[in-house]
**Q** 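Please find one structure pasted underneath; my questions will follow.
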Amino acid sequence: MKNEQNYTTGKEFNLLAFSSCGIDTHITFIVILLIYLLTMLGNLFIIILVYLDYRLHTPMYFFLCNLAVQDIIFVSAILPKLIAITITGDTSISFIACLTQLFMFAICVDTDFFLLAVMAFDRFVAICIPLRYYLIMSPKLCILLVATPWILYVCNGICYCFLISALSFCKSHDLNYIFCDIKTLLGLSCSNTAHIQTLISVGTVFVGFLPLTFTLTSYVYIIATILKIKSSAVRLKTFSSCSSHLTVVLMFCGSSLSLYVKRDSEDSQELDRLIPFLYVGLVPMLNPIVYSLRNKQVWSATEAVYGKFKKQILKMHFYIHM
């Protein structure tokens, strides 16, 4: 068994991705490249904007910056390989690179669930108990809430990688998927994977459903509080402060949880590639758009930063031509 495992570790897998969908590779390349570039630019824009404008130095935007960093890591672990596949046609991926994708995916998805729950808690405190907001959401608590998921889920990712590396793969090495997903890898293994399947099921509850339940419970209290406000204008303004976050929660949690609840059907292979592409590509790309589109604070900060940048350019231009 040990020799077989060593042999498997040196083998390569093939990421079939969209090769069996009949989609033109040039179109696929352009779409994935655009999504990757827009995701990187959009999330970098949020990080830089929050850093430069002191008015955005609040717990909510601190969490948003961490979500943006996580999204950049997330797409960078998966989309560049997809882009390389569409350019070269080489679908091979080494076992180490496959484990790296699995590790980064596990960390980022788990952290996403946790951060979205933390951001829901932030909105709950801001709307339901506003007078105690800065007392509760102290800098120490904010740092703790951000550091905790990274520590926990790095350990979780290492655990999954260790378990997968101990498996032997004597079946096909073709992964009919867009990246090295743990359930797809388990389907190719000829080892006993019951313990890993159990761990995934338990993990899905604690990492996915519990944070989602906490998030939805927070919004039940938030909506109840908003409905008690007599002024319709104030109600609308209050709800708009959390509508962006709720939209992102529904997009991400809906797509990712529906994938793992539904994955066992063999008649849904095309859908099984589309759903992960939604939260691997589209959700990280849409996050900065959703958070900034109807956010007056972001627009105001953008105008202020642009004004400062424009003044600096004019000063440089003036000194150059003196």
Side-chain angles (χ1 to χ4, degrees), residues 1-17 66 69-82 84-85 91-115 117 144 146-212 252 256-257 259-261 263-264 272 276 279-280:
M1 178 64 72
K2 185 175 181 180
N3 292 335
E4 185 179 10
Q5 289 173 1
N6 290 338
Y7 171 79
T8 302
T9 304
K11 292 288 289 184
E12 293 182 337
F13 290 101
N14 295 309
L15 286 176
L16 300 184
N66 280 274
V69 170
Q70 179 268 327
D71 282 341
I72 289 172
I73 297 172
F74 191 22
V75 297
S76 297
I78 295 173
L79 293 189
K81 181 58 183 179
L82 278 179
I85 289 174
T91 61
S92 63
I93 180 170
S94 68
F95 189 74
I96 298 300
C98 198
L99 285 180
T100 302
Q101 278 197 349
L102 189 153
F103 175 72
M104 299 308 301
F105 175 78
I107 294 174
C108 291
V109 171
D110 295 350
T111 305
D112 232 339
F113 276 109
F114 193 95
L115 282 177
L144 180 64
V146 167
T148 299
W150 285 103
I151 295 171
L152 289 177
Y153 300 138
V154 163
C155 296
N156 187 49
I158 292 173
C159 178
Y160 278 125
C161 289
F162 176 76
L163 291 172
I164 291 297
S165 63
L167 298 178
S168 56
F169 298 89
C170 52
K171 299 180 183 178
S172 170
H173 286 257
D174 293 336
L175 292 169
N176 195 20
Y177 212 58
I178 65 172
F179 63 92
C180 289
D181 174 60
I182 187 167
K183 293 195 75 175
T184 307
L185 286 169
L186 293 180
L188 299 181
S189 176
C190 52
S191 303
N192 183 9
T193 61
H195 58 297
I196 304 179
Q197 296 282 3
T198 302
L199 184 62
I200 292 173
S201 300
V202 174
T204 301
V205 172
F206 282 98
V207 174
F209 284 106
L210 281 185
L212 179 59
F252 177 80
S256 56
L257 289 179
L259 174 71
Y260 280 91
V261 168
R263 276 291 296 279
D264 294 331
D272 282 352
Y279 64 80
V280 168

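Positions are given from 1, in the same order as the sequence printed here. As the structure is a computational prediction, the values presented were derived from the model and not from experiment.
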**Q** Quick one, Cys98 with Leu175, criterion side-chain contact (heavy atoms from CB on, under 4.5 Å). Give me CA distance, side-chain angles, the key distance, then yes/no.
**A** CA-CA 11 Å; Cys98 198; Leu175 292 169; 4.1 Å; yes
**Q** Asp71 and Val75: side-chain contact (heavy atoms from CB on, under 4.5 Å), yes or no, with the steps?
**A** CA-CA 6 Å; Asp71 282 341; Val75 297; 5.7 Å; no
**Q** Could you report the tightest heavy-atom contact between Asn156 and Asp110, atom names first, then the distance?
**A** ND2-OD2, 2.9 Å
**Q** What are the two closest heavy atoms between Ser92 and Lys81, and how far apart are they?
**A** O-NZ, 2.7 Å
**Q** Is a side-chain donor or acceptor of Ser189 paired with a backbone partner of Phe169 at a separation under 3.5 angstrom?
**A**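 No; zero donor-acceptor contacts below 3.5 Å.
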**Q** Could you tell me whether a side-chain N or O of Ser76 sits under 3.5 Å from a main-chain N or O of Ile73, the two making a donor and an acceptor?
**A**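 No: the side chain of Ser76 does not pair with the backbone of Ile73.
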**Q** Closest heavy-atom contact between Glu12 and Ser94?
**A** CG-CA, 4.2 Å
**Q** Quick one: do Phe13 and Phe95 satisfy side-chain contact (heavy atoms from CB on, under 4.5 Å)? Show the steps, please.
**A** CA-CA 7 Å; Phe13 290 101; Phe95 189 74; 3.2 Å; yes
**Q** Enter the distance from Leu99:CG to Ile182:CD1 here, rounded to the nearest 0.5 Å.
**A**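 Going from CG on Leu99 over to CD1 on Ile182, the span is 10.0 Å.
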**Q** Taking the side chain as C-beta and beyond, is there a heavy-atom pair between Phe179 and Thr184 under 4.5 Å?
**A** no
**Q** Take Phe74 and Val109 through the side-chain contact (heavy atoms from CB on, under 4.5 Å) test and state the conclusion after the steps.
**A** CA-CA 8 Å; Phe74 191 22; Val109 171; 3.8 Å; yes
**Q** Taking the inter-plane angle between the rings of Phe114 and Tyr153 on a 0 to 90° scale, is it parallel (under 30°), tilted (30 to 60°) or perpendicular (over 60°)?
**A** perpendicular
**Q** Is the side chain of Thr193 donor-acceptor paired with the backbone N or O of Ile196 at a distance under 3.5 Å, no angle test?
**A**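 No.
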**Q** When rounded to the nearest 0.5 angstrom, what distance separates CD1 in Ile93 from OG1 in Thr100?
**A**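 Atom-to-atom, Ile93:CD1 and Thr100:OG1 are 8.0 Å apart.
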**Q** Check Asn192 against Leu167 and note the closest heavy-atom contact, atom names and distance.
**A** O-CD2, 4.3 Å
**Q** Rounded to the nearest 0.5 Å, what's the gap from OG1 on Thr91 to CG on Leu82? Could you check?
**A** 11.5 Å
**Q** Say you draw a straight line from SG of Cys108 to CG of Leu115; how long is it, rounded to the nearest 0.5 Å?
**A** 10.5 Å
**Q** Any idea which heavy atoms bring Pro211 and Ala117 closest together, and the distance?
**A**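 For Pro211 versus Ala117, the nearest heavy atoms are O-CB, 3.8 Å.
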**Q** Kindly compute the distance separating NE2 (His195) from CD1 (Ile200), expressed to the nearest 0.5 Å.
**A**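 The CD1 atom of Ile200 is 10.0 Å from NE2 of His195, to the nearest 0.5 Å.
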**Q** How close do Cys180 and Leu15 get, counting heavy atoms only, and between which atoms?
**A**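 It is N-CD2, 4.0 Å.
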**Q** Between CG of Leu102 and CD1 of Ile78, what distance do you get to the nearest 0.5 Å?
**A**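 Separation between the atoms: 9.5 Å.
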**Q** Spell out, as yes or no, whether a donor-acceptor pair under 3.5 Å connects the side chain of Thr111 to the backbone of Trp150.
**A** no
